[in-house]
Amino acid sequence: MNGDQRIVVGVDGSEFSTTALRLAGRMSTSLNVPLEVITCLGTSDFFLASHLPEESTPTTEQLEETAKRLVDQALERAFGDSRPEGLTRSVKFGAPAKALIDESKNAQLLVVGRRGKGGFLHQVMGSVSGACVAHAHCPVLVVGQSADDLRDRTTG
């Protein structure tokens, strides 16, 4: 199977990205293609830095480990112990939109959440998902939250 037979999903730890991850996992299983979960580290990634002890200045290694931990948490929320076969994870350095657009060159589908951790709350679509829609090299699926995810957030 060549590299363009994979589904790429961007994950940043937000509820939207967990919903996107869950849907991408179902699609990869149904289509029998690998799923690559990508998280990105930018130079101004305040969300990741906020998960580190206050007294330290984060190093690249600390940020990468934090990103991996956030992806592991998203995988647990999305799949529990039933992760799709062929699932791989990677941490990319640089602007998330650019990294995902680059990865879309060798994918049959790019899946992103409608909004992530940053940006303005009242936007219909975040800047990363908007850039992916406009510039990706494959079809893009932008996923909003499902009613079940919203219910879990308000009751749990």
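Salt bridge present: Lys92 and Glu103 bring a charged side-chain N and a carboxylate O closer than 4.0 Å.
Taking every heavy atom of both residues into account, Glu64 and Phe93 meet most closely at OE1-CZ, 3.8 Å. Across all non-hydrogen atoms, the minimal contact from Pro34 to Gln5 is CD-O, 3.3 Å. Here the closest non-hydrogen pair linking Val112 and Cys132 is CG1-SG, 4.3 Å. Smallest separation of non-hydrogen atoms from Ala99 and Cys40: CB-SG, 3.6 Å. Ala107 and Cys138 get closest at one heavy-atom pair: O-CB, 3.3 Å.
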Test log, rule side-chain hydrogen bond (donor to acceptor under 3.5 Å, both in side chains), inputs Arg114 and Ser129: CA-CA 6 Å; Arg114 183 170 64 89; Ser129 54; over 6 Å; no
Derivation of the side-chain hydrogen bond (donor to acceptor under 3.5 Å, both in side chains) call for Glu85 and Thr29: CA-CA 7 Å; Glu85 287 188 39; Thr29 298; over 6 Å; no
Thr18 and Glu15: CA distance, side-chain angles, deciding distance, side-chain contact (heavy atoms from CB on, under 4.5 Å) verdict: CA-CA 5 Å; Thr18 299; Glu15 293 176 39; 5.6 Å; no
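One hydrophobic cluster, built from ILVMFWY side chains closer than 4.5 Å, cannot hold both Ile101 and Val91; they sit in different ones.
Formation of a donor-acceptor pair under 3.5 Å by the Arg83 side chain with backbone atoms of Gly25 is not found in this model. A distance-only check finds no donor-acceptor pair linking the side chain of Thr39 to the backbone of Val71 [under 3.5 Å]. For Ser104 (side chain) and Leu110 (main-chain N/O), no donor-acceptor pair under 3.5 Å exists by modelled atom type.
Across Leu87, Val9, Val33, a single residue satisfies side-chain contact (heavy atoms from CB on, under 4.5 Å) together with Ser28, and that is Val33. Of the residues Asp12, Leu100, Val133, the one that meets the side-chain contact (heavy atoms from CB on, under 4.5 Å) test with Val128 is Leu100. Screening Val8, Leu75, Val111 for a side-chain contact (heavy atoms from CB on, under 4.5 Å) involving Val37 leaves a single residue, Leu75.
In this structure, CZ in Arg77 is found 9.0 Å from OG1 in Thr19, a value given to the nearest 0.5 Å. Separating the CG atom in Leu141 from the CE atom in Met27 is a distance of 5.5 Å, to the nearest 0.5 Å. Here Ile38 contributes atom CD1 and Ser17 contributes atom OG; the two are 13.0 Å apart, rounded to the nearest 0.5 Å. Taken to the nearest 0.5 Å, the CD atom of Glu76 stands 9.5 Å off from the CD atom of Gln73.
Side-chain contact check for Leu31 versus Gln108: some heavy-atom pair is nearer than 4.5 Å.
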